[in-house]
Amino acid sequence: MTDASLAARRRDQGGALLCLAVAGYGAWAGLGWGLRDDLTGEPGSGLFPFLAALGLGALALVLLARPGLAPDEEAEGDGPPNRRRVAGYVVALLAYALLLEPLGHLLVTALVLSFVMLGLEFVRPRTAIAITAGAVLFSWLLFERLLQVPLPRGPF
Amino acid sequence: MEVLAQLAAGFEVALTPTYLLLCLVGVAVGTAVGVLPGLGPTATISLLLPVTLAIDRTGAIIMLAGIYYGAMYGGSITSILVRIPGEAASIVTCLDGYEMARRGRASVALGMSAFGSFIAGIVATLGIAAVGPALATHALAFGPVERASLILLGLVLVVSVAQGSRLKAYMMVFAGLLLSSVGIDLVSGTERFTYGSPYLQDGFNIAVLAMGLFGISELLLLAERRQAQAEPLAYSSRLRDLLPTRQDWRASAGPIGRGSVLGFLLGLLPGGGAVIASFASYVVERRLAREPERFGKGAIEGLAGPESANNAAAQSAFVPLLCLGLPSNAVMGVVLGALMLHGVTPGPRLMETHPELFWGVIASMLVGNLMLVVLNVPLVGVFVAMLRVPAGILAPLVVLFCGIGAYSLNNNATDVLAMMGFGLLGYALRKGGFDPAPLLLAFVLGRMFEPLLRQGLILGYGDPMVFLESPLSASFLAGTALLVLWPLAAWLVRLARRRTPVR
């Protein structure tokens with residue numbers, strides 16, 4: 001086995017174990033809600049999640065036991081990854097979601113766009129500022145004024 | 001001949017200046033909401049319901065119908081350009097449409113999507129006029145038992161749209177089904193996987209999942225791969241160079257024809273609709289293709305078929321609504337509300353009591369589809385120009401519009417957080433070689449499947465054999481079993497041959 005296929009194998013095993021854990025929890029929760037309503041004899045609330053979890057768990061076991069990779073399998077994004085930029089995007093995405101209501105749409109949009117363009121994409125500062133201002137203005141006009149979407153205003 | 005005369009009368013209604021204007025407003029608004037992720041046709045039509053009270057009933061339904069099928073086309077634009085499905089029915093368009101764009105063929109994909117939708121619109125309109133009302137009554141033969149079996153078949157077919165391992169695709173289907181059970185169980189009121197959170201009581205929104213699993217995960221993968229500012233792809237600005245070539249047309253003619261018919265028929269079924277139609281068409285084209293391995297890598301057939309199917313289904317979904325009073329999806333449910341607001345009770349007698357409404361709406365669909373082509377084909381160059389924007393600028397703008405789109409669903413920042421979470425999940429899945437498309441499609445189907453499965457079991461007094469008693473249901477189950485067991489049998493035969501020593 002090459003290093004790449006060994007790594008892929010380990011990735012599969014990790015994925016299978018995670019799915020197995022999710023399936024185990026889903027099946028346990030399904031059993032808790034009941035597979036059948038004892039009073040009416042009708043299918044219970046837990047039947048569907050239980051069956052779905054059972055299927056997921058069984059297939060995760062097959063994946064775990066499988067000796068190697070199928071010939072057509074490949075993960076996306078293989079190659080030298082730019083982990084710093086991915087981490088930066090994750091931070092930006094989470095910051096956008098978490099700060100949207102406390103800071104308001106205008107401020108959080110300006111902050112996140114500036115951070116991504118200047119800190120991660122190395123866009124020239126003048127261009128980044130112009131695009132940020134344009135995007136903030138356009139999104140406010142389109143969503144808040146035209147489509148009447150009540151975007152969060154924050155402390156202002 | 002009588003049908004043709006009625007259709008001609010319908011055109012007289014649809015071509016009056018007021019209705020033409022309302023149709024134009026409908027398709028333009030529909031295209032815009034289709035492009036904007038999150039704000040789908042259901043929300044838009046609901047928002048516009050009070051506005052329709054100022055218009056007469058025929059005009060109101062013409063405008064609302066225009067929004068619906070306009071959104072079907074608009075949803076494909078972002079699917080092709082940035083891999084964000086504006087609409088659930090455009091999820092399948094992401095698979096090959098986006099790959100075409102990555103290979104510098106975005107304009108061809110957009111053009112074929114517009115023309116395919118237009119042709120499907122014509123087929124669906126003629127189909128509705130000729131056989132729609134008669135077929136709609138047959139659709140009543142599809143009770144919960146038959147529909148549950150049909151969706152089960154659909155769940156197995158979902159695996160065919162996946163890239164890579166079949167085993168992992170089946171795992172994603174089960175994961176999607178499990179995810180679809182999050183929220184309050186509508187039969188018993190039990191809260192499932194909600195952990196006391198009011199946000200989770202309604203389950204996850206399809207748009208949140210679609211934007212996260214497809215759009216945000218793609219953004220992260222692109223961020224990972226880009227080492228330097230990539231050169232934007234070169235595109236011609238001449239409209240003639242942007243449109244599909246003769247070879248593209250030859251490859252797409254069959255898929256458009258088959259997609260139109262398939263979409264028309266599936267749109268008639270209660271619970272069918274544009275989502276199932278689009279991926280059923282994809283599966284059919286992939287199975288019929290001489291080189292199925294091209295699918296998922298920019299095959300024009302994988303775009304033309306589903307795009308035609310979702311548009312045809314969007315139109316034929318009006319038949320069960322108008323002829324039987326049965327809304328086949330959430331959008332039709334809102335349109336039903338609009339009809340009732342205007343004092344119209346849809347049903348088998350609608351064609352006799354309000355012929356101008358029925359035939360006017362049907363004829364307006366043909367006019368509306370023509371408007372979509374006239375509006376959108378000249379704009380193909382403008383849409384494609386988006387791809388000339390450097391990735392370092394486009395990516396943060398995608399984050400912004402996805403964020404606002406998710407927020408606008410319920411005016412709730414938790415939707416934004418959930419979308420980001422699904423983005424990270426999609427990224428992890430794709431890094432692990434798991435295609436998120438089956439998960440998303442199974443989630444959409446799972447929400448329909450569970451209530452139907454339970455209704456079927458209730459009808460059979462808890463006995464699962466009820467699904468084999470109906471011939472229609474039994475044939476769907478036989479198809480499902482064949483699709484599951486055939487590859488398994490082939491694998492076992494291969495294994496046995498490998499173990500047999502060669503003499």
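Naming: A, B, ... by sequence-line order, numbering from 1 per chain.
Using the six-membered ring where Trp is involved, B/F401 and A/F143 have ring planes that are tilted, between 30° and 60° apart.
Heavy atoms of B/E191 lying under 4.5 Å from chain A belong exclusively to its backbone. If you measure heavy-atom distances from A/A60 to chain B, the contacts under 4.5 Å come from both the backbone and the side chain. With a 4.5 Å cut-off on non-hydrogen atoms, A/T127 touches chain B through its side chain but not through its backbone. Heavy atoms of B/Y407 lying under 4.5 Å from chain A belong exclusively to its side chain. Only the side chain of A/R36 comes within less than 4.5 Å of a heavy atom in chain B; its backbone stays farther off. Residue contact with chain B, scored on non-hydrogen atoms closer than 4.5 Å, involves the backbone and the side chain of A/L151 alike. Heavy atoms of B/L178 lying under 4.5 Å from chain A belong to its backbone as well as its side chain. Within the 4.5 angstrom heavy-atom criterion, only side-chain atoms of A/L47, from C-beta onward, approach chain B. Residue contact with chain B, scored on non-hydrogen atoms closer than 4.5 Å, involves the side chain of A/L100 exclusively.
No more than 12 heavy atoms of other residues, nucleotides or ligands sit less than 6.0 Å from atom OH of B/Y461.
Residues B/L417 and A/L98 come closest through the heavy atom pair CD1-CD2, 3.8 Å.
Salt-bridge annotation for A/R153 and A/E144: present, with a side-chain N of the basic residue lying under 4.0 Å from a carboxylate O of the acidic one. Salt-bridge check for B/R430 with B/E224: failed, with every basic side-chain N at 4.0 Å or more from each acidic carboxylate O.
Between the side chain of A/R85 and the backbone N or O of B/A223, at least one donor-acceptor pair lies under 3.5 Å.
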